[in-house]
Number of protein chains: 2
Amino acid sequence: MHSSPRTDVVPAATPAASLVFTTVLSHGPLTRIEIGRRTALSPAAVTKAVRPLMAAGYLVEGVDEEARASLGRPANPVRVDGGRALFIGVKVTGDEIIAVLTDLCCRIRVARHVQLTARDPGAVLASIGALVQELLTEAEGFGVQVSGLGLAVSGDVDRVAGVVRYSPFLDWRDVPLAELAGTVTGLPVTVDNDVRALTVAEQWFGAGAGVSDFALVTVGAGIGCGLVVHGRVVSGAHGVAGEIGHLSIDPLGPLCHCGNTGCVEAIAGDAAIIRRVREVTGLPVTDSARALELAHQGDPGAREVYARAGEAIGRAIGAVVNVLGPERVIISGEGLAAYDLFAEHIRVAFTASAFGTAAQCDVMTRPLPFEEWARGAAATAIQSFIGIDT
Amino acid sequence: MHSSPRTDVVPAATPAASLVFTTVLSHGPLTRIEIGRRTALSPAAVTKAVRPLMAAGYLVEGVDEEARASLGRPANPVRVDGGRALFIGVKVTGDEIIAVLTDLCCRIRVARHVQLTARDPGAVLASIGALVQELLTEAEGFGVQVSGLGLAVSGDVDRVAGVVRYSPFLDWRDVPLAELAGTVTGLPVTVDNDVRALTVAEQWFGAGAGVSDFALVTVGAGIGCGLVVHGRVVSGAHGVAGEIGHLSIDPLGPLCHCGNTGCVEAIAGDAAIIRRVREVTGLPVTDSARALELAHQGDPGAREVYARAGEAIGRAIGAVVNVLGPERVIISGEGLAAYDLFAEHIRVAFTASAFGTAAQCDVMTRPLPFEEWARGAAATAIQSFIGIDT
DNA sequence: TTCTTTCATTGACAGCGGAAAAGAACCCCC
DNA sequence: GGGGGTTCTTTTCCGCTGTCAATGAAAGAA
């Protein structure tokens with residue numbers, strides 16, 4: 001059973017409607033007055049923007065019965081009806097594809113993943129197609145159609161063009177992924193860089209909601225960073241931004257695959273940690289779990305490795321904070337499993353390297369379930385659905 | 001003779017008018033069609049925006065007689081009449097005040113500077129007042145009134161509030177400079193951080209015109225950086241941004257006054273270079289000119305100091321480029337006098353540290369006359385005059 | 001019951017910007 | 001030298017958006 005390409009009703013026709021919708025989407029149930037306050041729109045404009053959105057079923061009158069505090073006519077909060085539309089988000093890594101089915105509020109309904117055997121665009125596309133088909137079938141159970149597909153790929157991705165310019169892990173160059181996936185799945189497709197996609201999810205549905213300047217640092221196989229400046233995700237003039245994994249922290253540090261020395265990733269990336277733990281302990285450590293275990297068991301050598309990794313991450317965050325002065329830094333990623341091991345070192349290194357009032361920046365952590373990357377992809381699809389291009 | 005505070009006609013009432021005006025201001029004479037193309041406005045809208053601006057004398061029909069190339073009705077380019085309004089820009093350093101009188105196109109008409117004997121707000125304000133008065137007298141000769149005063153101060157400055165939160169060089173805290181200077185001079189006052197002010201000038205009237213993402217690196221006593229992202233100057237959530245002088249490049253590097261080690265400024269700042277040249281050569285070098293002279297004479301030790309400084313700057317630029325992926329980096333500052341000594345090292349270090357396509361970033365230099373900082377202040381005053389707050 | 005308070009909506013209205021067509025100013029060419 | 005072609009500019013009309021001010025609605029308080 002194939003779903004054919006169709007154009008759903010775009011909820012937000014006017015700028016005001018778009019603004020209202022995204023505000024409600026990010027900040028839970030809100031009264032119309034409150035929406036007006038936050039968007040700097042008049043109450044009348046809010047009413048007029050809300051009506052068609054409610055008529056189309058995207059917004060519903062809230063059931064927020066409790067907060068009955070003061071005098072006057074009771075407020076009638078409005079919220080997004082998550083069940084009104086579904087989206088599929090797919091994260092493509094070098095050896096796995098993770099897909100989630102989310103609702104309009106980007107809550108995950110179903111998650112799936114499959115191993116990837118080949119990395120050429122054809123094979124990957126086939127896997128994506130199969131996985132999406134599965135989720136489309138699942139979606140039928142909800143009685144709502146799927147309104148968009150988001151794909152997250154690491155590397156240099158041109159979201160507007162829908163093209164993967166260059167992905168080192170997949171060894172792709174100039175693959176028109178959006179178009180290809182569109183013909184395979186029959187869905188409107190949005191393609192974006194994985195870190196940026198995750199940043200979008202955080203900006204709209206996470207710890208970045210309502211914050212106009214923040215950084216999202218991902219710790220794992222690589223060390224990445226998504227940036228939001230002036231309320232917008234930074235893409236970089238050449239498609240690359242937030243590459244803190246290749247900030248060179250120490251001229252005498254280990255050689256990085258990028259050719260430089262002392263890169264953060266060459267100190268704090270998964271592979272670097274594993275290799276270094278092996279060197280230090282002399283044990284045949286081959287995966288993060290084992291390295292982590294050793295450190296948790298108290299092996300001083302392993303602990304030292306994590307300490308140095310924490311220091312490197314802390315200094316990288318310091319660099320970002322010195323350059324951009326964000327309001328908040330969110331640390332996330334699979335590497336967070338080792339957070340207890342390097343938290344203090346991150347903090348110390350960050351505090352030492354942050355200059356002046358920039359150090360007031362709020363540094364926090366967020367757990368990152370493995371489907372979260374795919375959820376980020378879904379968030380980009382939701383953006384496109386609402387009519388936000390960048 | 002005191003000029004009393006007055007509200008001049010704000011040229012740009014509507015967003016479209018503001019857009020048109022700033023476009024013409026930055027990009028010389030433009031035909032209406034071209035303005036429409038650049039602003040994504042319809043020709044009709046351009047005409048309607050231009051008319052009142054011409055009526056008020058801010059725009060004039062260009063005299064661009066030559067470029068008569070093709071068929072059809074000849075184009076009638078429009079440009080800003082610089083002589084329509086004057087502005088004063090003042091840069092306050094620890095020991096000097098530089099002031100310029102500029103026209104609406106931010107061309108310098110008169111420049112003055114005085115030494116500063118005391119740094120307390122009262123004394124500085126008196127000097128500013130005297131200098132502004134001088135320039136106001138000069139301005140009478142042009143037959144146009146001065147429409148705004150811009151003040152540039154290093155440190156943490158809250159432009160919107162007009163308050164200098166903290167300036168280390170002046171040892172000021174929470175000085176409401178805009179208000180104070182307003183009462184002294186009777187002019188509308190804009191206060192901003194010096195690097196940001198310079199960045200504004202570059203964005204509107206310099207190498208940043210038309211570039212939505214760029215960085216301006218200033219090399220001199222300190223190493224600073226102004227950033228423009230998404231077409232807007234970055235201020236940082238806590239008033240601090242672009243602090244690349246305190247990126248730590250080398251854990252084993254020299255101690256910096258900020259308490260950290262291996263800061264760019266501790267390697268490539270004027271004071272650091274002078275001290276290091278003295279150490280290396282054993283000569284009693286006390287100023288930049290002498291250090292520069294030694295290096296230019298071929299002293300290997302001194303040359304090595306500049307080489308290391310260049311490397312530090314190049315790596316700092318690499319960090320900025322990796323984090324933000326700007327389209328262009330403009331290197332400027334008094335330290336550019338030594339550019340021949342470290343240009344190659346900057347280039348090499350930058351190329352090595354920039355990751356992926358970010359390295360495509362266009363790195364260029366711009367001379368920085370001593371009045372340029374004050375011109376930046378004038379540019380902020382022009383912004384305020386037009387009705388742009390941030 | 002009536003008043004007060006707060007939230008929400010309505011209808012009139014101003015104004016911005018767009019589409020399309022007309023006007024204007026040149027060159028070219030027959 | 002008068003069309004014809006081309007390009008820039010303006011005009012006219014019109015839709016649409018968001019504001020203003022007044023009205024309506026839903027409570028608790030007096």
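Every chain is numbered from 1 and lettered A, B, ... according to where its sequence line falls, protein lines coming before strand lines.
Side chain to side chain, Arg159(B) and Gln383(B) meet the donor-acceptor criterion of an N or O pair below 3.5 Å.
Residue Ile33(A) is in sugar-phosphate contact alone, with no base atom involved, counting any heavy-atom pair closer than 4.0 Å across all strands shown. Contact annotation for Ala16(B): backbone-only contact, meaning every heavy-atom pair under 4.0 Å involves sugar-phosphate atoms and none involves a base. Nucleic acid contact for Thr31(B): sugar-phosphate only, since backbone atoms but no base atoms lie under 4.0 Å from a heavy atom of the residue. When heavy atoms are screened at a 4.0 angstrom cut-off, Ala45(A) is found touching base atoms of the nucleic acid.
At a threshold of 4.0 Å, the pair Arg375(B)-Glu202(B) does not count as salt-bridged, since none of the basic side-chain nitrogens sits closer than that to a carboxylate oxygen.
Following rounding to the nearest Å, Arg51(A) (CZ) and dC7(C) (P) show an atom-to-atom distance of 19 Å. Distance CG (Leu41(A)) to C1' (dA8(C)): 15 Å, rounded to an integer number of Å. Distance CE (Met54(A)) to C1' (dA8(C)): 12 Å, rounded to an integer number of Å. Rounding to whole angstrom units, CD of residue Glu34(B) and P of dT7(D) are separated by 15 Å. Spacing between atom CZ of Arg32(B) and atom P of dA24(C) amounts to 15 Å, rounded to whole angstrom units. Remark: P of dT9(D) and CZ of Arg37(B) are 14 Å apart, rounded to the nearest angstrom. In this structure, Arg73(A) places its CZ atom 9 Å from P of dA27(D), rounding to the nearest Å. Atom CD1 of Ile35(B) and atom P of dT9(D) are 8 Å apart (whole Å).
Judged by the 6.0 Å distance and 45° axis criteria, Arg328(A) is not positioned over the aromatic ring of Phe214(A).
When distances are taken from the side chain of Ser42(B) to each of dT9(D), dG11(C), dG18(C), the shortest belongs to dG18(C). When distances are taken from the side chain of Ala75(A) to each of dC7(C), dG17(C), dG23(C), the shortest belongs to dC7(C). You'll find that the side chain of Pro15(A) is closest to dG18(D), out of dG18(D), dC7(C), dT9(D).
Not counting sequence neighbours, the partners of Ala241(B) by the side chain to side chain contact (heavy atoms under 4.5 Å, CB included) test are Val234(B).
Side-chain atoms of Arg38(A) do not come within 3.5 Å of backbone N or O of Ile33(A) as any donor-acceptor pair.
Side-chain atoms of Lys48(A) stay outside donor-acceptor range of the base of dT10(C), with no qualifying N/O pair under 3.5 Å.
Distances shorter than 4.0 Å separate some side-chain N or O of Thr14(B) from OP1 or OP2 on dG17(C).
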